[in-house]
Protein chains: 2
Amino acid sequence: MVIAIGITHSANHRKPNMANAPRDATRILRARDVADLLGVSTSMISRAFNPQASISPAMRKRIMEAAEALGYRPNVIASSLSTRRSKIVAVILGTLENPFYAQVLERLSRELQGAGYQSLLFNLAPGQDVDSQLPYLLQYNVDAVIIVSASISSGIANDWTNSGRKVILFNRTLPNMPVPSVCCDNQQGARLAVDHFVATGRERLAFAAGRRDTSTNAERELGFLARLAEVGTKLAAKVDNPHCSFRDGYNAALKLAPAQPDAIFFANDVMALGGVEAIEKELKLRVPEDIAVIGFDDIPMAAWPTYSLTTIHPPLDEMVASAVKLLSVPEGSTEDTRIIHPVTLVVRDSTQPREITG
Amino acid sequence: MVIAIGITHSANHRKPNMANAPRDATRILRARDVADLLGVSTSMISRAFNPQASISPAMRKRIMEAAEALGYRPNVIASSLSTRRSKIVAVILGTLENPFYAQVLERLSRELQGAGYQSLLFNLAPGQDVDSQLPYLLQYNVDAVIIVSASISSGIANDWTNSGRKVILFNRTLPNMPVPSVCCDNQQGARLAVDHFVATGRERLAFAAGRRDTSTNAERELGFLARLAEVGTKLAAKVDNPHCSFRDGYNAALKLAPAQPDAIFFANDVMALGGVEAIEKELKLRVPEDIAVIGFDDIPMAAWPTYSLTTIHPPLDEMVASAVKLLSVPEGSTEDTRIIHPVTLVVRDSTQPREITG
DNA sequence: ATGAAAGCGCTAACAT
DNA sequence: ATGTTAGCGCTTTCAT
């Protein structure tokens with residue numbers, strides 16, 4: 001229930017700018033309304049809501065109770081004009097088509113809300129780059145920018161940090177710059193995939209890569225190849241893909257087929273699902289009997305019985321928590337703000353060992 | 001590239017509040033910076049950016065060019081304090097787990113950006129209701145609230161409208177109140193489903209309903225039953241479901257099985273996919289040979305070959321466009337702001353006619 | 001058409 | 001601990 005009562009301006013209140021006056025008697029309360037009611041100054045109202053401020057507990061209690069009763073809450077917009085902190089975090093992301101990103105956004109915005117922030121969404125149209133959104137962000141006094149699964153140029157990263165705003169990369173790193181970032185251990189995930197393939201009797205391992213220009217994909221590829229070398233196995237085949245989409249995965253499987261792999265590691269789950277589709281429907285082969293498949297992300301659908309996809313599980317909740325925690329790291333801090341979370345292998349049917357199924 | 005140069009305050013500028021002074025020489029430009037540079041007043045800068053304002057074309061051109069060159073853009077936050085219009089729209093939604101909602105959010109935020117708005121996300125935790133978010137919204141001076149696939153009490157709707165803010169329901173209606181809303185024609189969709197089942201030789205039609213308390217589901221059910229009656233067919237069975245999830249669909253199919261339906265209409269695609277899963281994996285029946293299936297929403301996965309789900313397609317782009325258009329309907333307008341978009345049937349393999357497959 | 005000045009609601013330095 | 005006051009950056013009368 002909103003309480004928004006009409007209050008006549010007290011005598012000592014300056015004549016309001018009529019153009020700005022609400023056209024309606026029903027108004028949202030201001031600090032002045034509460035202050036007048038209690039016979040205190042507006043500063044006290046402000047202090048009551050600011051944990052650091054020096055104010056007697058009794059007064060704070062009195063104010064908070066009155067505020068609660070009237071339904072008063074400080075106007076974040078006005079407050080942000082003086083403090084330059086808006087309690088708004090810009091979240092930049094591309095498409096939500098990949099359920100993984102949808103999950104990220106959902107949990108991120110929820111966690112941010114828990115920490116007292118709201119998320120202002122900046123959706124990149126296909127082909128649009130993050131840098132282009134910057135001028136718009138600046139207009140909104142956002143406290144920080146969280147960039148999900150997209151990259152920025154280091155020049156921009158610099159400009160941003162200089163402008164006093166925090167930039168956090170989620171699921172990406174900027175290799176040569178100390179830009180705060182939260183990732184899962186992509187290399188480790190790829191290594192787990194190799195080891196699991198080998199342990200379950202696979203010999204001809206292929207890799208369906210994602211977008212070449214993303215750090216995520218580069219790391220997954222690096223880990224996969226490195227581990228292959230360590231265990232003394234050769235890469236059977238590899239294909240690149242422009243979009244990391246279901247269709248890309250589908251096509252990737254078809255392109256890998258001539259190399260006759262008995263196991264394919266896809267750079268993400270959505271591609272893996274497309275790959276399974278192609279393997280079963282178009283190549284007329286069986287998963288896992290003929291080709292074992294591992295994905296990456298552990299999206300909800302990977303667990304659906306139809307797919308039962310073995311995949312690499314990034315600890316999303318912890319990653320999101322890290323990202324939010326990074327928001328409150330003080331500016332000059334020397335601690336490393338490039339956080340990497342370990343991943344785990346989730347074994348499902350798409351990698352049933354040879355011995356059992358064959 | 002951000003241009004944020006250090007500008008020394010001109011002599012006539014009052015001593016700034018030191019607490020608010022940037023701790024860095026590199027600053028974001030204010031209207032004053034541009035004004036001083038051009039030797040005009042800040043009012044003129046403001047007017048240059050306001051299409052309605054009276055300003056000579058020459059002056060506007062001069063200012064806009066300078067602004068462009070310097071990278072100045074008006075601060076939305078400061079501006080919203082005077083105008084009470086923030087160019088921010090609150091988007092309230094529950095979980096993004098259902099890909100349909102992810103699609104809605106993506107297109108909605110994109111369309112809003114196109115219209116000069118940004119979306120401030122309010123994510124409802126499970127069990128949390130929209131009304132509870134209101135006090136938070138008020139803090140942000142949002143211009144409007146778009147509520148996606150969730151409902152509000154009519155009391156709150158009233159309070160909101162009275163507070164001078166626009167409320168728009170997306171994919172829901174409030175039956176007894178003229179709250180602006182954008183929906184697809186749920187009844188028509190359900191009718192199309194019945195007709196298609198009948199036309200393809202099905203006789204025992206069942207319905208897997210969604211959440212009882214949503215207008216969307218109520219309308220789909222109403223349409224389904226009404227059309228069944230019109231064509232003289234009886235409902236074979238019906239089950240309710242609490243969450244509209246994949247698992248709900250799975251369970252629904254199992255519960256409907258004893259009634260031996262040869263066709264099931266699911267209240268949405270995600271449930272339908274779960275249903276297909278249960279039918280094939282657990283009941284060991286075939287889709288569409290034994291049971292035909294129709295969903296609702298036309299999520300991307302419905303088109304994947306594994307499922308190839310016949311479904312009802314809501315014209316999402318047009319719905320989103322309608323929602324954004326509603327933002328600019330003037331307050332006192334008498335035009336009906338409850339918009340309903342027609343849907344279409346997308347025929348895929350899950351409803352292959354009996355004659356062909358049987 | 002333009003400038004001066006007041007004010008949006010809140011915060012913080014300063015004074016008591 | 002509390003009140004007073006001067007801003008935050010922009011918009012909008014009001015006067016010219």
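All chains are named by letter (A, B, ...) in the order of the sequence lines, taking the proteins before the strands, and each is independently numbered beginning at 1. The figures here come from the full heavy-atom set of this structure, side chains too, leaving out hydrogens, waters and symmetry mates.
Nearest heavy atoms, N123(B) versus G94(B): OD1-O, 3.1 Å.
I77(A) places its CD1 atom 14 Å from the P atom of dT11(D), with the value rounded to the nearest Å. Regarding N75(A), its CG atom lies at a distance of 13 Å from the C1' atom of dC8(D), rounded to whole Å. If you measure from atom CD1 of I55(A) to atom P of dT2(D), you get 6 Å, rounded to the nearest angstrom. Rounded to an integer number of Å, the gap from CD1 of I28(B) to C1' of dG9(D) is 12 Å. Summarising the geometry, the separation between CG on D36(B) and P on dG3(C) is reported as 12 Å, rounded to the nearest angstrom. Distance NZ (K61(B)) to C1' (dA1(C)): 18 Å, rounded to an integer number of Å. If you take OH of Y140(A) and P of dC8(D), they are 22 Å apart, rounded to a whole angstrom. Whole-Å rounding puts the L81(B) CG to dC10(C) C1' distance at 8 Å.
For the OP1/OP2 pair of dG3(D) and a distance below 4.0 Å, the side-chain nitrogens and oxygens of S41(A) include at least one atom meeting the criterion. For Y72(A) and dC10(C), the shortest distance from a side-chain N or O to OP1 or OP2 is below 4.0 Å.
Partners of L37(B) by side chain to side chain contact (heavy atoms under 4.5 Å, CB included), not counting sequence neighbours, listed by chain and number: L70(B). Partners of S181(A) by side chain to side chain contact (heavy atoms under 4.5 Å, CB included), not counting sequence neighbours, listed by chain and number: L169(A), T173(A), R338(A). Shown here are the side chain to side chain contact (heavy atoms under 4.5 Å, CB included) partners of F170(B), two or more places apart in sequence or in another chain: V104(B), I146(B), V148(B), V182(B), L316(B), M319(B), V320(B), A323(B).
Taking a 4.0 Å limit (strictly below) on heavy-atom distances, residues 43-53 of chain B reaches DNA chain C at S43(B), M44(B), R47(B).
Here S79(B) lies in heavy-atom contact (under 4.0 Å) with sugar-phosphate atoms only. Within the 4.0 angstrom heavy-atom criterion, base atoms lie near S54(B).
Taking every side-chain heavy atom of R30(B) into account, dG9(D) is the closest of dG9(D), dT2(D), dG3(D). For A78(A), counting side-chain heavy atoms from C-beta on, the closest listed nucleotide (dT2(C), dC10(C), dT12(D)) is dC10(C).
Ion pairing between D317(B) and R107(B) holds under the 4.0 Å rule for side-chain N and carboxylate O.
Screening residues 42-65 of chain B for side chain to side chain donor-acceptor pair (under 3.5 Å) gives K61(B)-E65(B) as the qualifying pairs, with residues at least two apart or on separate chains. Screening residues 130-155 of chain A for ring-ring contact (aromatic ring centres under 6.0 Å, His included) gives no qualifying pairs among residues at least two apart or on separate chains.
Between T42(B) and A31(A), the residue anchored nearer the 5' end of DNA chain C, judged by the nucleotide with its closest heavy atom, is T42(B).
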